[in-house]
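Reading through the structure tokens given below for one structure.
Reminder, nothing fancy here: chain letters follow the sequence lines and each chain counts from 1.
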Amino acid sequence: MGCAPQPTARGDWIAGPAGGYTDAVPELPEVETVARLLRPDVVGRTITGARVGWRPTVGGSTGFAKSVVGRRIAVLWRRAKYLVFELEHKAVPDGCLVAHLRMTGRMHVEPADLDAGPWCRVALALDDGRELRFVDPRKFGRVLRARVPADVFGDLGPEPLEDGFDPDGFFAALAERRRHLKPLLLDQTFVAGLGNIYVDESLFQARLHPLTPSDRVPRAKAVTLHGAIRSTLRAAIEREGSSFDTFYRTPGGQPGSYQDQFLVYGRQGKPCPRCGGAIRRMVVGQRGTHLCPRCQPKPRSRA
DNA sequence: AGCTACTCCTGGTAGC
DNA sequence: TGCTACCAGGAGTAGC
């Protein structure tokens, strides 16, 4: 990217376009987009100052600022929905910052003299006069100082776009669990990085009902679902993720465009792109779930 | 093991 | 117009 955000765009995402309120929770494609767009602006930069606007964001730490100032951001990478900033102190590796955007978090680099707005929870001054800012209205996101990323990650399943996530292994993993597909795919220890949107989209593409027991998915269906997960994520990354009314934006302030490709997510009442029947919304495991009842028939209950 | 409920939060919306 | 109640939602945790 390299382009400075437009100051005039500052208020745009507070008052979004008319329409219903929908969260655009950053999932793997959105976080990957943030990592890609942020990388040229932060890698190689040294942190010259730090400001914490909401202490829980940094895990309650009182020594956060001191622990990051003087460090150089050596590498930025993504794992699941986490961003990892590897730090160096005087050319020696010195732990990392691990960020999770959760529901409404955004990260971008802006000129330090541009108003950070009311929701800036963490600001890191960089040695080029700009600031890396973590803006998060709902305060669920985190920017944690860690020795190693694993201290923050917990158990994470395979990265769905990497080789470790293969159709045979996926089928075997489904078969050895006995859980409904929807909550299982949302479980970060099963597959890392999927969220509500891309699970609904993938299940639709594979014509699987969200309540299908995982051990009752035939091999061929599992292979289809595996492919659907990958192609959905790849397509979304290509379009820089999904944006709704207000929240998710790329670090440059631009919305992603994958929301235009949604087949079922948020389309309740609208025609199914495959059969023309009405898309329905139901709640599965406390999550809004979108499906086409005709294309994704509910499995018969276990005998 | 796997489920449900609850917590963290706030902006937006529906209902009155 | 102005108020209140409710909702979404990732992830962690508690309880069954």
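A chain of hydrophobic side-chain contacts below 4.5 Å, direct or via other Ile, Leu, Val, Met, Phe, Trp or Tyr residues, connects A:Phe190 to A:Leu233.
Note on A:Gln188: a side-chain N or O is less than 4.0 Å away from OP1 or OP2 of C:dA11. Residue A:Arg281 places at least one side-chain N or O closer than 4.0 Å to OP1 or OP2 of C:dA8. Phosphate contact (OP1/OP2 of B:dT10, side-chain N/O of A:Lys139, threshold under 4.0 Å): present.
With distances taken from any side-chain atom of A:Tyr265 to the nucleotides C:dG9, B:dT10, C:dA11, the minimum falls on C:dG9. Side-chain proximity of A:Trp119 to C:dG12, B:dG11, B:dG2: nearest is B:dG11. Here the side chain of A:Arg102 is nearest to one of C:dG10, B:dC9, B:dG2, namely C:dG10.
Side-chain contact between A:Gln188 and A:Phe153: absent, with no pair of heavy atoms (C-beta onward) separated by less than 4.5 Å.
Between A:Asp151 and A:Arg145, none of the side-chain N atoms (NZ, or NE/NH1/NH2) sits under 4.0 Å from a carboxylate O, so this pair counts as no salt bridge. With respect to A:Glu238 and A:Arg234, no salt bridge is recorded, no charged nitrogen being found less than 4.0 Å from a carboxylate O. Salt bridge absent: A:Arg121 and A:Asp136 never bring a charged side-chain N and a carboxylate O closer than 4.0 Å.
The CG atom of A:Leu181 sits 13 Å away from the P atom of B:dG2 (whole-angstrom rounding). Taking atom CG of A:Leu186 as the reference point, atom P of B:dG2 lies 15 Å away to the nearest angstrom. B:dG2 atom C1' lies 15 Å from atom CG of A:Leu211, rounded to whole Å. Per the geometry, CG belonging to A:Leu101 stands 14 Å off C1' belonging to C:dG9, to the nearest Å. The CG atom of A:Asp136 sits 11 Å away from the P atom of B:dC9 (whole-angstrom rounding). Rounded to whole Å, atom P of C:dG9 lies 18 Å from atom CG of A:Asp187. Residue A:His100 contributes atom NE2, which lies 15 Å from atom P of C:dG9 at whole-angstrom precision. A straight line from CZ of A:Arg79 to C1' of C:dG10 spans 16 Å, rounded to a whole angstrom.
Applying a 4.0 Å cut-off to non-hydrogen atoms, the residues of residues 140-158 of chain A that approach DNA chain B are A:Phe140, listed by residue number.
Minimum interatomic distance between A:Ala99 and A:Met107 (heavy atoms only, all atoms of both residues): CB-CE, 3.7 Å.
Crowding of A:Arg280 atom CZ: a count of heavy atoms from other residues, nucleotides or ligands under 6.0 Å not exceeding 12.
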I'd like a table of atom pairs between the protein and nucleotides 3-6 of chain B - only N or O on both sides, under 3.5 Å - with the distance next to each one.
unit_1 : atom_1 : unit_2   : atom_2 : d
B:dC3  : OP2    : A:Arg179 : NE     : 2.8
B:dA5  : N7     : A:Gln286 : NE2    : 3.3

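Note that A:Arg274 lies in the cation-pi zone of A:Phe204, set by a 6.0 Å cut-off to the ring centre and a 45° limit from the axis.
For the side chain to side chain donor-acceptor pair (under 3.5 Å) criterion with A:Asn196, the lone passing option out of A:Glu201, A:Lys182, A:Glu27 is A:Lys182.
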